[in-house]
Amino acid sequence: MDKTSLANYPALTYKDERVSIKINCPGDCDYTKISFPVKYGLFSRIETQELVFEFNLNHEIRHAKSKADGWSHPSEWMKRTIGNDWVYYSTGGYAGVVESIGEYYLPNLMYQTNSLLGGKPFETPEVTKISDDWHTLLSKIVVDTPSLPAKASQWLGRVKQVLPEDLARKAEKLFAISGARATVLPPDARHSDYDIIPITIQDGCLYKCRFCKVKNKKAFQERTRQDILNQILELKALYGRDLVNYNAIFLGEHDALNAPMDLILYAAKTAHEEFGFANSYMRKPMLYFFGSVDALLRADDRLFDRLNRLPFHTCINIGLESADDDTLSLIGKPVSAQKVRTAFEKIQTINQNFAQVEMTCNFVMDRGLSDAHNQTMMDLVRGQINKTRPKGSVYLSPLKFGNPSREILFDFYHLKTQSRLPMFLYIIQRL
Ligand code: SF4
C-alpha cells in the first residue's frame with residue numbers, strides 16, 4: 001500500500017489513567033517467523049488495566065488478551081478467525097514449538113484436532129471469559145470525559161455495536177458464499193497466519209479415503225467461471241474495508257489441482273485484481289490449494305510455469321499419506337505406492353524448476369502403522385535426496401484426533417532429524 005492510500009487511515013491515540021485507545025495502528029506488513037508476538041495489518045486497539053482488545057477495519061474484534069494474574073503468559077493472546085473461532089496462541093514455553101510446526105506460536109483450537117502439542121487453554125476461566133463474554137467486557141468500558149476526541153468516541157461506539165451474533169451471522173454468510181465451511185486448510189497457510197480468503201473452484205475430492213476425517217460426500221465437480229466470479233464479488237463485499245489486510249487466497253475444496261488449468265489461473269488472476277492485492281497493506285500475495293496424487297500426475301506442465309509467472313507465491317499441498325501399499329490399503333487410500341513415489345519425484349522437480357511455486361506433501365503418522373510405512377517414507381525424504389533442501393516441506397499428520405501424545409512427538413523428532421527436507425507436524429485447522 002502506498003503512502004497516499006495510507007493517508008485514508010489516519011492514526012489517533014488517546015490515553016488517560018484508565019484506558020488507552022489507538023486507532024489505525026500500522027502493524028507489520030510481512031508475515032514473519034519470530035519469537036515475540038507480531039500484529040499484522042492495520043488495526044485499532046483498546047487497553048484497560050484488565051484487558052487488551054484489537055479490532056479490524058470493520059470494527060470486528062480480532063485479537064484479545066487478559067492482563068489478569070490467571071493469564072498464562074504475557075506474550076500469549078487470542079485471535080478470532082473470519083470463521084468466528086477463537087484460537088489461543090501459546091508459546092509452548094518455546095521448547096520444541098518451532099521445530100515441530102515451523103512457527104514460534106502454537107495455535108490451540110476450540111475444537112478437536114490432531115495436534116500432539118498444547119494444553120487446554122479453553123478450559124481456563126480467563127480464556128473462556130474472553131471467548132464467551134468479550135462483548136460484555138467491552139460494553140463495560142465507558143470513557144466519559146470531554147477530553148476523548150470525537151473520532152475515538154465514535155470508534156468506541158461502533159466497535160460496541162458489533163455484537164457476537166453479528167459475527168456469527170457473518171461467518172455463516174462466508175460459508176454460504178463458497179457453499180460450505182472449509183473443514184481443513186492447507187498446512188502451508190501457516191505462512192499467512194491462516195488469514196486467507198476462501199474461493200471454491202471445485203467441490204469434493206477423488207478418493208474418499210477411509211482414514212480422512214475432513215472429507216465430505218460430494219463427488220469431484222468443478223465450478224463454472226461465473227460461479228467463481230460471483231463468489232469473488234460477494235467476498236469482496238463481505239471482507240469490506242478490512243480487505244486491505246489480506247493478501248492470500250485458498251482455492252478450495254480438497255483438490256483444486258484437479259480442476260482445469262485455465263480455471264485455476266482464472267480464479268487466481270481475478271481474485272488478485274478484484275481484491276486489489278497490488279495495493280494491499282500486506283505484501284507478497286500468497287496462493288494456497290490442495291492437490292491429489294492423480295491430479296499432480298495428470299497436471300499439464302504449463303500450469304506450473306504459468307503459476308510461476310503470477311503475482312503470487314503459490315503453495316500446493318499434496319496428500320501422499322504413505323509410500324507403502326499395505327499402509328495405503330489399511331487407511332483406505334485408493335492409490336498405489338508406485339504412484340506416490342512418482343508424485344514425490346514430480347514434486348521435487350517442480351520445486352527445483354519454479355522459484356514461485358512450492359509443492360509440499362503430507363504423510364500420515366500413527367504408532368499403529370507398520371515399520372514399512374516409515375521406512376518407505378524415509379527412502380523418499382532422505383534416500384532419494386542427496387543433500388538438505390530448504391524448499392518442499394513434508395508434513396506429518398497424526399491419524400488420531402484429540403490425542404496429544406509425547407510418544408508420537410518423540411517419533412516425529414526422530415524422523416525429522418533424518419529428513420533432508422523440512423519436516424513439520426500438520427495441525428488440521430478449519431476456516
Ligand atoms: S484425504 Fe483428501 S482425497 Fe482423501 S478423502 Fe480426505 S480430502 Fe478426499
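Atoms within a ligand are numbered from 1 in the order they appear, just like the ligands themselves. This chain uses plain numbering: 1 for the first residue, then up along the sequence.
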Quick one: are the ring centres of Tyr31 and Tyr40 less than 6.0 Å apart?
yes

For Phe55 and Phe43, I'd like to know if the aromatic rings sit close, meaning centre-to-centre distance below 6.0 Å.
no

Looking at Ile427, is its backbone amide N or carbonyl O close enough to the side chain of Thr113 to form a donor-acceptor pair, meaning the two atoms are under 3.5 Å apart?
no

My understanding is that only residues two or more places apart in sequence, or in another chain, count here; which of them pass salt bridge (Lys or Arg N to Asp or Glu O under 4.0 Å) with Arg367?
Asp411

If we count only non-hydrogen protein atoms and require a distance under 4.0 Å, does atom 2 (Fe) of ligand 1 qualify as touching the protein?
no

For Gln226, side-chain hydrogen bond (donor to acceptor under 3.5 Å, both in side chains) partners two or more places apart:
Asn230

Using a distance threshold of 2.8 Å, what protein N/O/S atoms lie below it relative to atom 8 (Fe) of ligand 1?
Cys205 SG

Applying side chain to side chain donor-acceptor pair (under 3.5 Å), which residue pairs with at least one partner in residues 317-338 are found, sequence neighbours left out?
Asn317-Thr360, Asn317-Asn362, Glu321-Lys333, Ser322-His373, Asp324-Thr327, Gln338-Arg341, Gln338-Thr342

